[in-house]
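All residue numbers refer to positions in the sequence shown, counting from 1. Side-chain atoms are counted along with the backbone in the values below, which use heavy atoms only and exclude waters and symmetry mates.
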Amino acid sequence: MNKDVSFILLSPDAVKQDLIFFILEELEKFDILPLRIKYLNIKLPILEKLYGHQINKMTPNWWLVEKLFTLDRSAALLLKDNSPEERDLSEFLTKIKGVSDPSNLSNSSLRGKFNAENRVINLIHTPDDVNKCSSEITNFFSKQELNIEIYNNDVSSFLKLELLREQIESYKLLDFYLTLSRLKRRILFLIMQDEFKDYHHLLMTTFLEETELYKSVLKKDNRIRLTPKVDKILVTQKSYIDFIVDTHPLSDLLKKLLLLPYSLKINIYEEFDKNKYEFGAFMTEWEMLTIQSAVALPIEIIFGGKNHEITKNEEFC
């Protein structure tokens with residue numbers, strides 16, 4: 001195992017608080033760059049492998065760790081050390097991660113900076129050193145994924161990271177357009193981890209423009225609506241569908257999401273089931289429900305926008 005490759009496991013409390021982008025942004029300050037992100041449902045046997053040496057110390061509270069990892073997705077981040085210094089990346093990550101006890105945390109550590117709650121809800125797991133990394137990393141990444149030669153360096157890590165900025169100032173979990181925006185950016189990021197094509201850059205640019213637009217809208221309103229400005233950027237994104245000709249497993253889903261504000265033809269649960277074994281829990285139950293419930297009626301009826309007379313058949317019971 002190379003000393004300049006390691007991983008971080010972000011536990012469900014970190015993912016739920018949308019800290020992935022911000023933690024990666026902090027790591028970039030130390031010349032640590034992401035190669036791959038995987039969304040996972042961590043099962044008990046994996047937990048026991050990671051924390052086996054601590055279970056006795058945590059008894060009788062070990063069940064709380066199990067509970068934490070059943071509440072939501074986790075995220076495994078495969079990382080590459082881009083620093084000119086020679087160092088064991090796993091040891092360095094352990095150092096900047098911070099201790100488990102929040103009362104002894106430095107504010108400059110990752111757990112301190114992002115307010116780890118306690119010894120159980122503490123955001124991050126890292127392997128202690130290169131040997132630990134070698135034994136733990138294969139629980140999350142395949143041999144092919146660990147071959148760092150496959151990763152494309154043509155696009156800057158910063159632009160790729162921007163796609164993962166899931167908080168837009170006023171975070172609205174159940175807002176259709178914000179949810180759709182998060183999913184499009186997240187899925188494009190997953191696609192770009194495997195390959196990079198010209199249309200990715202075009203879409204990436206419009207997705208970031210969409211994020212900035214939504215920020216400005218939320219300063220004046222508490223919900224995103226289908227205004228002319230929103231419509232214009234969504235139409236621009238839809239126009240790039242003809243460029244999407246690759247065979248990536250998620251490309252078809254990305255096309256459907258780009259069409260969704262206009263065609264409303266999707267079963268998001270089927271799309272998730274079709275891809276979850278390869279990409280893990282890359283969508284949450286709340287996100288899927290928010291998207292699928294919008295398919296029940298035309299979006300302009302539910303969220304406002306164009307005038308539409310509701311018929312008897314369209315009324316909710």
Trainee: Might you confirm whether atom OH of Tyr269 has over 12 heavy atoms from other residues, nucleotides or ligands at distances under 6.0 Å?
Mentor: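 More than 12 heavy atoms, drawn from other residues, nucleotides or ligands, come within 6.0 Å of this atom.
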Trainee: Can you check whether Tyr262 reaches Leu259 side chain to side chain, under 4.5 Å on heavy atoms?
Mentor: no
Trainee: For the pair His125 and Phe7, name the ring-plane relationship: parallel under 30°, tilted 30 to 60°, perpendicular over 60°.
Mentor: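 Rings of His125 and Phe7: tilted, as their planes differ by 30° to 60°.
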Trainee: Is the closest basic N to carboxylate O distance between Lys184 and Glu210 below 4.0 Å?
Mentor: yes
Trainee: Taking all non-hydrogen atoms of both residues into account, name the closest pair between Glu278 and Pro249 and its distance.
Mentor: OE1-CG, 3.7 Å
Trainee: For a 4.5 angstrom cut-off between non-hydrogen side-chain atoms, does Lys132 reach Glu91?
Mentor: no
Trainee: If you compare all heavy atoms of Leu260 against all heavy atoms of Lys265, which two are closest, and at what distance to 0.1 Å?
Mentor: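 Heavy-atom minimum between the residues: CD1-N, 4.3 Å.
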Trainee: So which atom in Leu164 and which in Ile37 form the shortest heavy-atom distance, rounded to 0.1 Å?
Mentor: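 Shortest heavy-atom contact: CD1-CD1, 3.2 Å.
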Trainee: How close do Pro12 and Leu68 get, heavy atom to heavy atom, and via which atoms?
Mentor: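 It is CG-O, 3.3 Å.
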Trainee: Counting only heavy atoms from other residues, nucleotides and ligands, does the tally under 6.0 Å from NZ of Lys3 exceed 12?
Mentor: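 No, because the 6.0 Å sphere around NZ of Lys3 holds 12 heavy atoms or fewer from other groups.
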Trainee: Can you tell me how far CE of Met204 sits from OH of Tyr240, rounded to the nearest 0.5 angstrom?
Mentor: 12.0 Å
Trainee: Taking atom CG of Leu257 and atom CD1 of Ile268, what is their separation to the nearest 0.5 Å?
Mentor: 5.0 Å
Trainee: Count I, L, V, M, F, W, Y as connected when their side-chain heavy atoms are under 4.5 Å apart, and connections chain through other members. Are Met192 and Leu258 then in the same cluster?
Mentor: yes
Trainee: Is a side-chain N or O of Asn2 found less than 3.5 angstrom from the main chain of Asp4, in a donor-acceptor match?
Mentor: no
Trainee: Check this for me: does any side-chain nitrogen of one of Lys38 and Glu145 sit under 4.0 Å from a carboxylate oxygen of the other?
Mentor: yes
Trainee: Taking the side chain as every heavy atom from C-beta outward, state whether Phe176 and Ile291 have any pair of such atoms under 4.5 Å apart.
Mentor: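 They are in contact (side-chain heavy atoms under 4.5 Å apart), so the answer is yes.
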Trainee: Can you name the closest pair of heavy atoms from Ser181 and Thr211 and give their distance?
Mentor: OG-OG1, 4.5 Å
Trainee: Passes side chain to side chain contact (heavy atoms under 4.5 Å, CB included), Leu123 versus Leu19? Steps please.
Mentor: CA-CA 9 Å; Leu123 303 177; Leu19 293 179; 4.0 Å; yes
Trainee: Honestly curious: do Leu33 and Leu78 fall in one hydrophobic cluster under the side-chain, below-4.5 Å linking rule?
Mentor: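 No; tracing contacts between hydrophobic side chains, which count when under 4.5 Å, never links both residues.
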Trainee: Report the C-alpha separation of Asn107 and Lys113 in whole Å, then their side-chain angles, then the decisive distance to 0.1 Å, and conclude whether the side chain to side chain contact (heavy atoms under 4.5 Å, CB included) test is met.
Mentor: CA-CA 5 Å; Asn107 289 333; Lys113 191 178 290 286; over 6 Å; no
Trainee: Under 3.5 Å, side chain of Arg111 to main-chain N/O of Gly98, donor-acceptor pair present?
Mentor: yes
Trainee: Cluster question for you: counting only ILVMFWY and a side-chain heavy-atom cut-off of under 4.5 Å, with indirect links fine, are Ile96 and Val99 together?
Mentor: no
Trainee: Using a 3.5 Å distance criterion without hydrogens, assess whether the side chain of Asn147 forms a donor-acceptor pair with backbone atoms of Lys143.
Mentor: no
Trainee: Could you check whether Arg36 pairs with Asp194 (Lys NZ or Arg NE/NH1/NH2 to Asp/Glu carboxylate O, under 4.0 Å)?
Mentor: yes
Trainee: Enter the distance from Ile233:CD1 to Tyr214:OH here, rounded to the nearest 0.5 Å.
Mentor: 7.5 Å
Trainee: Look at the side chain of Thr126 and the backbone N and O of Leu9, then say whether any donor-acceptor pair between them is shorter than 3.5 Å.
Mentor: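 The answer is no, because no donor-acceptor pair under 3.5 Å joins these two groups.
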Trainee: Passes side chain to side chain contact (heavy atoms under 4.5 Å, CB included), Ser90 versus Leu93? Steps please.
Mentor: CA-CA 5 Å; Ser90 297; Leu93 290 171; 5.6 Å; no
Trainee: Is Val235 close to Lys232 at the side-chain level, that is, under 4.5 Å between some pair of heavy atoms?
Mentor: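 Counting from C-beta outward, Lys232 and Val235 never come under 4.5 Å.
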Trainee: Should Ser11 and Ile124 count as side-chain neighbours, where that means a heavy-atom distance under 4.5 Å?
Mentor: no
Trainee: Counting heavy atoms not belonging to Lys229, are there more than 12 under 6.0 Å from its NZ?
Mentor: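 Check fails, neighbour count at 12 or below.
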Trainee: Evaluate the side-chain proximity of Ile32 to Lys80: yes if any heavy-atom separation is below 4.5 Å, no if none is.
Mentor: no
Trainee: In Å, rounded to the nearest 0.5 Å, how long is the span from CG of Asp81 to CG of Asp31?
Mentor: 7.5 Å
Trainee: Quick one: does Asn122's side chain get under 4.5 Å of Pro102's, heavy atoms only?
Mentor: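 Counting from C-beta outward, Asn122 and Pro102 never come under 4.5 Å.
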Trainee: Where do Leu218 and Arg223 come nearest, in terms of heavy atoms and distance?
Mentor: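 Of all heavy-atom pairs spanning Leu218 and Arg223, the closest is CD2-N, 4.2 Å.
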Trainee: Any link between Leu71 and Ile42 through a network of hydrophobic side chains (Ile, Leu, Val, Met, Phe, Trp, Tyr) touching at under 4.5 Å?
Mentor: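 Looking at the clustering, Ile42 is in a separate group from Leu71.
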Trainee: Centres of the Tyr39 and Phe279 rings: under 6.0 Å?
Mentor: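 Centroid distance Tyr39-Phe279: not below 6.0 Å, so no.
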Trainee: Show, in sequence, the C-alpha distance, side-chain angles and deciding distance for Arg186 and Glu287, and conclude whether the salt bridge (Lys or Arg N to Asp or Glu O under 4.0 Å) test is met.
Mentor: CA-CA 12 Å; Arg186 191 184 301 154; Glu287 287 170 336; 2.7 Å; yes
Trainee: State, with a plain yes or no, whether a side-chain heavy atom of Thr205 is found less than 4.5 Å away from one of His201.
Mentor: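 A side-chain contact under 4.5 Å exists here.
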Trainee: Donor-acceptor check, side chain of Asp175 to backbone of Ile224, threshold 3.5 angstrom: yes or no?
Mentor: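 It does hold such a pair.
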Trainee: More than 12 foreign heavy atoms under 6.0 Å from CG of Asp198: is that the case here?
Mentor: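 No.
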Trainee: Is there a path from Leu178 to Leu234 through hydrophobic residues (I, L, V, M, F, W, Y) whose side chains come within less than 4.5 Å of each other?
Mentor: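 Yes, one cluster joins them.
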Trainee: Could Glu136 and Lys49 be called an ion pair, given the rule that one side-chain N must be under 4.0 Å from one carboxylate O?
Mentor: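 Salt bridge between Glu136 and Lys49, a charged N being under 4.0 Å from a carboxylate O: no.
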Trainee: If I take atom NE2 from residue His248 and atom CD from residue Gln193, how far apart are they, to the nearest 0.5 angstrom?
Mentor: 8.0 Å
Trainee: Hey, would you say the Phe114 and Phe22 ring centroids sit under 6.0 Å apart?
Mentor: no
Trainee: In Å, rounded to the nearest 0.5 Å, how long is the span from CZ of Phe21 to CZ of Arg185?
Mentor: 10.0 Å
Trainee: For Phe282, is the NZ or CZ atom of Lys276 found under 6.0 angstrom from the centre of its six-membered ring and inside 45 degrees of the ring axis?
Mentor: no
Trainee: Distance-only, no hydrogens or angles: does the Glu28 side chain make a donor-acceptor pair with backbone N or O of Leu24 under 3.5 Å?
Mentor: no
Trainee: Could you tell me if Arg87 sits above the aromatic ring of Phe92, with its cationic atom closer than 6.0 Å to the ring centre and no more than 45 degrees from the axis?
Mentor: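 Here Arg87 passes the 6.0 Å and 45° test against Phe92.
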Trainee: Evaluate side chain to side chain contact (heavy atoms under 4.5 Å, CB included) for Leu253 paired with Leu183, printing each intermediate quantity in order.
Mentor: CA-CA 10 Å; Leu253 175 56; Leu183 292 183; over 6 Å; no
